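I have placed the structure first, in the form of structure tokens, so that the comments after it can refer back to it.
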Amino acid sequence: MMTGFRLNLSPLKEPLGFVKLVEWLTAIFAFGGCCGFSGTNIVSLFCGDGTNETVKANFHYPFRLSQVPLVVGNTTLCNHSVTTTHMMGDSSSAAEFFVGIGVVCFLYSMVALLVYLGYMHVYKDSDFGPIFDFVITAILVFLWLVSSSAWAKGLQNLKDATNTEGIGATLAVYKGSNITCEVTDFASMRTLNISVVFGYLNMFIWAGNAWFVYKETRWHSQKFSSQPGPGRQHVPAPI
């Protein structure tokens, strides 16, 4: 059996290769929109004497907010001394899990495309290749579901921790005083929302691709080869 590299672009014209190319692209949008994020919320403090103070809440991937300082050092806000204060919340585990799955799918899609375009003759001649491809694809469908759901919940926690209620609960100077705290300028989380959408989109694309990969396995071929052809009838053996 010939095992050398033989470039053939025809698989890209078929669902097996074309969908794999789409998976490669959508994986980039999924993890890229999450891991490249950095934003700042502007927090305004309206003091009781009529003056205003401004605090910047900076946060970025992987969103370990408990390690992000909201107020650094001994700072005076509305005539109150405030020590170093960190934001509340931690969405790092969900974000890193989501990005990790995206990177794995990105790399696996690249390797699969290399096999489809250069080693399809080996892929089709062996039982191991299609079965391995199908099992990995099925596992990644499940992981996309889990990671996207976890990241969707983590993103909601991130929004809650960086809105007016979340910031207000963090600042000690705001508690039990006549100071009003309000987030007056929100960071755009559009790319984070898009990453969640692409996470679920990846799940559906990989689930659809699982069928095309399954058709390449011997399980599918044996199923159809065992079925009787049309018009074929069973003739009883003579007694």
Side-chain angles (χ1 to χ4, degrees), residues 11-12 14-41 57-68 86-119 123 129 132-163 166 186-214:
L12 291 178
E14 301 174 359
L16 182 68
F18 177 76
V19 176
K20 189 62 68 178
L21 179 61
V22 173
E23 290 173 347
W24 179 73
L25 293 173
T26 52
I28 296 176
F29 285 103
F31 74 81
C34 178
C35 68
F37 180 84
S38 178
T40 301
N41 283 4
N58 302 305
F59 52 98
H60 53 81
Y61 177 83
F63 310 113
R64 292 189 179 92
L65 299 184
S66 58
Q67 299 180 9
V68 177
H86 293 81
M87 301 176 67
M88 299 174 61
D90 189 346
S91 298
S92 61
S93 58
E96 290 174 339
F97 180 42
F98 179 79
V99 170
I101 296 302
V103 172
V104 168
C105 290
F106 168 77
L107 296 176
Y108 182 75
S109 297
M110 289 182 60
V111 174
L113 282 172
L114 176 64
V115 173
Y116 294 165
L117 300 181
Y119 298 94
Y123 180 87
F132 177 81
D133 195 10
F134 173 73
V135 171
I136 296 299
T137 300
I139 292 174
L140 291 176
V141 171
F142 174 74
L143 291 178
W144 269 122
L145 172 61
V146 175
S147 63
S148 298
S149 301
W151 171 226
K153 183 62 169 63
L155 178 57
Q156 185 58 52
N157 293 339
L158 176 65
K159 292 178 179 179
D160 292 340
T162 55
N163 62 14
F186 288 88
S188 175
M189 296 190 182
R190 184 180 306 166
T191 57
L192 299 182
N193 294 327
I194 292 175
S195 70
V196 173
V197 173
F198 270 96
Y200 284 109
L201 178 62
N202 270 286
M203 181 196 68
F204 287 111
I205 294 176
W206 281 79
N209 189 43
W211 164 248
F212 298 111
V213 177
Y214 171 73

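These figures come from a predicted structure and were not determined experimentally.
Residues meeting the side chain to side chain donor-acceptor pair (under 3.5 Å) test with S92, sequence neighbours left out: D90. Not a single ring-ring contact (aromatic ring centres under 6.0 Å, His included) links F97 to another residue, sequence neighbours left out. For S195, the side chain to side chain donor-acceptor pair (under 3.5 Å) criterion is met by W151, not counting sequence neighbours. Taking F132 as the reference, F128 meet the ring-ring contact (aromatic ring centres under 6.0 Å, His included) condition, with sequence neighbours excluded. By the side chain to side chain donor-acceptor pair (under 3.5 Å) test, S93 is found to be paired with no residue, residues two or more places apart in sequence or in another chain being considered. N157 meets the side chain to side chain donor-acceptor pair (under 3.5 Å) test with K153; sequence neighbours excluded. In this structure F212 satisfies the ring-ring contact (aromatic ring centres under 6.0 Å, His included) test with no other residue, sequence neighbours excluded.
Separation of atoms OG1 (T162) and CZ (F186) is listed at 7.5 Å; rounding is to 0.5 Å. Of the inter-residue distances, the one linking F204 atom CZ with L145 atom CG reads 8.5 Å to the nearest 0.5 angstrom. To the nearest 0.5 Å, atom OG1 of residue T137 and atom CH2 of residue W211 are 14.0 Å apart. A distance of 11.5 Å separates OG of S91 from NZ of K159, quoted to the nearest 0.5 Å. Rounding to the nearest 0.5 angstrom, the gap separating the CH2 atom in W206 from the CD1 atom in I136 is 9.5 Å.
Listed by first and then second residue, the salt bridge (charged side-chain N to carboxylate O under 4.0 Å, His left out) pairs that reach into residues 191-210 come to none, sequence neighbours excluded. Residue pairs meeting the salt bridge (charged side-chain N to carboxylate O under 4.0 Å, His left out) criterion with at least one member in residues 16-38, sequence neighbours excluded: K20-E23. For residues 96-105, the set of pairs meeting the side-chain hydrogen bond (donor to acceptor under 3.5 Å, both in side chains) definition, not counting sequence neighbours, comprises R64-E96. Residue pairs satisfying the side-chain hydrogen bond (donor to acceptor under 3.5 Å, both in side chains) criterion with at least one member in residues 196-205, sequence neighbours excluded, are listed as follows: T26-N202, S149-Y200.
Between L158 and F59 the shortest side-chain heavy-atom distance falls below 4.5 Å. Side-chain contact between F142 and I139 is absent, with no heavy atoms from C-beta onward closer than 4.5 Å. Counting only heavy atoms from C-beta outward, the side chains of F63 and L192 approach each other to under 4.5 Å. Using a 4.5 Å heavy-atom cutoff, the side chains of W144 and F98 are in contact.
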Donor-acceptor list for residues 99-113 side chains, cut-off 3.5 Å, not counting sequence neighbours:
unit_1: Y108; atom_1: OH; unit_2: D133; atom_2: OD1; d: 2.6
unit_1: S109; atom_1: OG; unit_2: C105; atom_2: O; d: 2.8

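Ring centroid separation for the pair F37 and Y61 does not come in under the 6.0 Å cut-off.
Residues A94 and G154 approach most closely at CB-CA, 4.4 Å, considering heavy atoms.
Other residues, nucleotides and ligands contribute only 12 or fewer heavy atoms inside 6.0 Å of the CE atom of M88.
Remark: side-chain polar atoms of N58 are not paired, donor with acceptor, to backbone N or O of T40 under 3.5 angstrom.
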